[in-house]
Amino acid sequence: MRYELRTPPSIPWQVTGNHWLSLPCVHPADGSIHGIGLVSLAHRGAIEFAGSPDFENGAGEPLIRLVFESNGTPVELGSGRMAWQRVLEWLPTFNSTVGDIVIRGTIFAPCGRAADFPGFVYAISIENRAQTATSITFRAEGTLGVRQHRIRTARRFGDAHVATLMDDVVTLSGTNRGSETALAFAGDSMVGTIASAADETVRFTLARDASLQPGEKIDLALYVAAGPEVDGAVAMVKRMRRRGWRTLASQTRDAISMLQQSTGVPAADRLINRHLMFAYFYAAARAIDDARWYIFRSRIPWCEQALTVRDYEALMWLAPAFQLADTALARELLLRTCELHGYAPGRGVNYIDGTPFDVAFCLDAAAAYPVAVDRYVAQTGDDRIVEDAPIAEALYAANDDIAASRHGSLPLYRTDATPSGADAELPYMLHGNALVADALEVLKQTLDEKTAEGVQNADAVRAAITRQFATDKDSSRTLLATATDLAGATSMHDDPVGSVYWLPLYHMLSRDDSIYRRTVRRLDQIDADPARINLAERCATLMGPDAAKTLEWLRRADLDGGLAAEFVDADGLAIGNGGDASLSALIAYSVWYAVSVLGVPAG
């Protein structure tokens, strides 16, 4: 299956958010916010508020713009040197000096058990370095031009925008049933105004005046909260304001610092944590209308697969990364994956609620359920998770689907689609059968005794793989084909997601095995295309003989503003389907595994 190649925006957006709300488009030139995203169960996808239709490319007016005046003269943030840094790889902060005025800003979406709010805070500090007193005016100017729904492509809501002023709180929402999702804006001692424009956009302002003596500084904060309707959004924004931005910021920093990984190699840690933070907040979310957890490819608007999910990616990419950062959330997401998608393992692509989006049976995805559960138990020691009904039901369903795909006489298993979604060139694939062997070992130990007796022996599967996939019986030249029809036809084309490079993780071959090394060397010769590199396939090479080269390449690759993109060029610059949060999860875990477990040198 070949997806449309969406070119990433040319603007190096600052990206942040929490599990409720995404801020994918914070402009690096002036700190303006061009779009806000939420996840909605009722819409099976995202709801986006933006200033203009093409907000992800920086076109049109932003949703929120910061405006400053000093003694009545505009202070343009973009006219001075605006230096950005990302605290803990996730909290964007800037420092800008314009004349005698120094402006600092931090954008953060509160997170953690103590600060679990569906909103964000824009904290601003203004310092007067002049020799005389200065009158300062701050305004947060808002323009709501678009409210839209997105699964993979955006579709605008047809009803009119509604803005209200409730005391000093500005709210934005729609008029029709089904589009009541609302945002609420409030500031510290700020005055709000609303104006409707002729072009059907809604404009609003929150403003505050202050007088600063020489050397004096003032701290301001803009609070934004979301809700399934206006009253809930207003209640949340008022609660955030009462808590105060300093407390929220401290609680958020504490929560994020607990997620950070340390391998002892700073260069690797920066790479791991950058991708881990992005995946943690952009590949899983709580829906604004039911507060339950959902997983998907990415919340970034320019990610092609967006708010859809393959269970293989959820279980083999996301689950290991979440286990690194937050084992409690990893448990919850594993349960939710089994609850929503495990009733039909390996079916294909699903909406966030488990409804089929695109159907094609993938053997690898069915096998991923028991393997993911086993990895979770091995890391956490929480073996009682297999007693939870969603896990148990998914394991039995996976066993049934694997058994149904077995060859009539050989212990090998067929598939209709590869993990990347392409139609299988030949029905029996090396990666899928190696993964099945691993899954069968888990099923043998976790299913009830009677059912387990009928589970195929994993060693027999591995022996059949060695015999049936071998392309040359001469041991000095033996390779394993990536696929076969068991009737003489073979293929050496590797699937970028279900790559043969992963075989050592499934106890099929060791990294040092000569057959493994010869096989992956041949794949490099056949599939190499330096002008268009699939980043998932490049990550897989971290398991192979050239892992150190891959790790160095990943460290230097720009990707999509430092975040994963499905397709990159030879230098690592994104050329298509950027902002891929699930792929960032794969990078984070693969690099961690390569450095911490395999001992690949970094830096």
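Numbers here simply count residues along the sequence, with the first being 1.
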Say whether, by atom type as modelled, one donor and one acceptor occur between the side chain of S22 and the main chain of P24 under 3.5 angstrom.
-> no
Quick one: does T482's side chain have a donor or acceptor within less than 3.5 Å of a partner on H493's backbone?
-> yes
Out of curiosity, I300 CD1 to L307 CG, how far, rounded to the nearest 0.5 Å?
-> 11.5 Å
Judged by atom type as modelled, is there a donor-acceptor pair below 3.5 Å linking the side chain of N350 to the main-chain atoms of V309?
-> no
Start with the C-alpha gap between I288 and W20, add the side-chain angles, then the distance that decides, and say whether side chain to side chain contact (heavy atoms under 4.5 Å, CB included) holds.
-> CA-CA 7 Å; I288 195 64; W20 294 97; 4.2 Å; yes
Before accepting this row, confirm whether a basic side-chain N of the pair R336/E332 lies closer than 4.0 Å to the acidic partner's carboxylate O.
-> no
Using atom types as modelled, flag every donor-acceptor pair under 3.5 Å from a side chain in residues 385-402 to any protein atom, sequence neighbours excluded.
unit_1 : atom_1 : unit_2 : atom_2 : d
D388   : OD2    : R331   : NH2    : 3.1
Y396   : OH     : D448   : N      : 2.9
Y396   : OH     : D448   : OD2    : 2.6

Nearest 0.5 Å please: distance from the CZ atom of R310 over to the CG atom of L315.
-> 13.5 Å
Residue that, paired with T418, satisfies side-chain hydrogen bond (donor to acceptor under 3.5 Å, both in side chains) out of D495, D364, D494 = D495
Are any of the side-chain heavy atoms of L435 and Y312 separated by less than 4.5 Å?
-> yes
How long is the span from the CZ atom in F278 to the CG atom in D560, to the nearest 0.5 Å?
-> 7.5 Å
Results of side-chain contact (heavy atoms from CB on, under 4.5 Å) for P9 - residues two or more places apart only = W13, N57, W302
Would a 4.5 Å heavy-atom cut-off, applied to side chains only, mark V497 and W317 as touching?
-> yes
4.5 Å side-chain heavy-atom contact, V500 and L480 = no
Sequence neighbours left out, what passes salt bridge (Lys or Arg N to Asp or Glu O under 4.0 Å) with D569? Give chain and number order.
-> none
List the atom of V595, the atom of A268, and the distance in Å for their closest heavy-atom pair.
-> CG2-CB, 4.0 Å
Any side-chain donor near an acceptor of the partner, Q323 and R375, under 3.5 Å = no
Would you mind reporting whether T308 and I151 have side-chain heavy atoms less than 4.5 Å apart?
-> yes
Can you find a pair of side-chain heavy atoms, one from R297 and one from D580, that are under 4.5 Å apart?
-> yes
Flag for H341-D311: side-chain donor and acceptor within less than 3.5 Å = no
Kindly say whether the aromatic ring centers of Y589 and W502 come within a distance under 6.0 Å.
-> no
Correct closest heavy-atom pair for I11 and G58 would be CD1-CA, 3.6 Å
R511 charged N/C atom sitting above Y516 aromatic ring, 6.0 Å / 45° | no
Identify the heavy atoms of I352 and S40 that sit nearest to each other, and give their distance.
-> CD1-O, 4.1 Å
Please answer whether the main-chain N or O of G579 pairs with a side-chain N or O of S298 as donor and acceptor at a distance below 3.5 Å.
-> yes
Less than 6.0 Å separating the ring centroids of H19 and Y280?
-> yes
Taking all non-hydrogen atoms of both residues, which atom of L333 and which atom of A284 are closest, and how far apart?
-> CD1-CB, 4.0 Å
Can you sort out the partners of E48 under salt bridge (Lys or Arg N to Asp or Glu O under 4.0 Å), two or more places apart, ordered by chain and number?
-> R150
Kindly indicate whether the side chain of H275, heavy atoms from C-beta on, has any atom under 4.5 Å from the side chain of E89.
-> no
What is the ring orientation for H149 with H43, classed by angle as parallel under 30°, tilted 30 to 60°, or perpendicular over 60°?
-> tilted
Audit row: T446, V373, side chain to side chain contact (heavy atoms under 4.5 Å, CB included) steps and yes/no = CA-CA 10 Å; T446 55; V373 171; 6.0 Å; no
Audit row: F357, R44, side chain to side chain contact (heavy atoms under 4.5 Å, CB included) steps and yes/no | CA-CA 11 Å; F357 180 91; R44 294 195 179 99; over 6 Å; no
Give every residue pair that meets the ring pair (Phe, Tyr, Trp, His ring centres under 6.0 Å) criterion with at least one member in residues 401-422, sequence neighbours excluded.
-> H407-Y428
Backbone N or O of P411 within a donor-acceptor pair of the Q456 side chain at under 3.5 Å?
-> no
What is the distance from atom CG of D571 to atom CG of L559, rounded to the nearest 0.5 Å?
-> 11.5 Å
Closest non-hydrogen contact found for L430 with F469 is N-CE2, 3.4 Å
Find the distance between CG (L563) and CZ (R274) and round it off to the nearest 0.5 Å.
-> 7.5 Å
Could E441 and R462 be called an ion pair, given the rule that one side-chain N must be under 4.0 Å from one carboxylate O?
-> yes
Could you tell me if the ring centre of Y506 sits under 6.0 Å from that of H431?
-> yes
State which residues pass salt bridge (Lys or Arg N to Asp or Glu O under 4.0 Å) with R155; sequence neighbours excluded, sorted by chain then number.
-> none
Given side chains that start at C-beta, do those of L542 and L598 come closer than 4.5 Å, heavy atoms only?
-> no
Measure from the side-chain N and O atoms of W553 to the backbone N and O of A570, and report whether any donor-acceptor pair falls under 3.5 Å.
-> yes
Within-4.5 Å side-chain heavy-atom neighbours: L335 and W293 | no
With distance as the sole criterion, is a donor-acceptor pair present between the side chains of D353 and Y294 under 3.5 Å?
-> no
When you look at T541 and T550, which way does the side chain to side chain donor-acceptor pair (under 3.5 Å) test go after all the steps?
-> CA-CA 7 Å; T541 63; T550 298; 2.7 Å; yes
Considering only NZ, NE, NH1 and NH2 on the basic side and carboxylate oxygens on the acidic side, decide whether R292 and E339 come within less than 4.0 Å.
-> yes
Sub-3.5 Å donor-acceptor pair from the side chain of D289 to the main-chain atoms of A42, do we have one?
-> yes
May I have the step-by-step check of side chain to side chain contact (heavy atoms under 4.5 Å, CB included) for I587 and L535, ending in yes or no?
-> CA-CA 9 Å; I587 293 174; L535 192 55; 3.7 Å; yes
Polar side-chain atom of R86 near backbone of Q14 as donor-acceptor pair, under 3.5 Å | no
From D382 atom CG to T327 atom OG1, the distance as rounded to the nearest 0.5 Å = 9.0 Å
Is a side-chain N or O of T490 found less than 3.5 angstrom from the main chain of T484, in a donor-acceptor match?
-> no
For the pair D546 and R521, find out whether any cationic side-chain nitrogen is under 4.0 Å from an anionic carboxylate oxygen.
-> yes
Side-chain donor-acceptor pair under 3.5 Å between S582 and E313, yes or no?
-> no
Do you know which two heavy atoms are closest between P8 and I575, and how far apart they sit?
-> CD-C, 3.9 Å
Sub-3.5 Å donor-acceptor pair from the side chain of N273 to the main-chain atoms of D269, do we have one?
-> yes
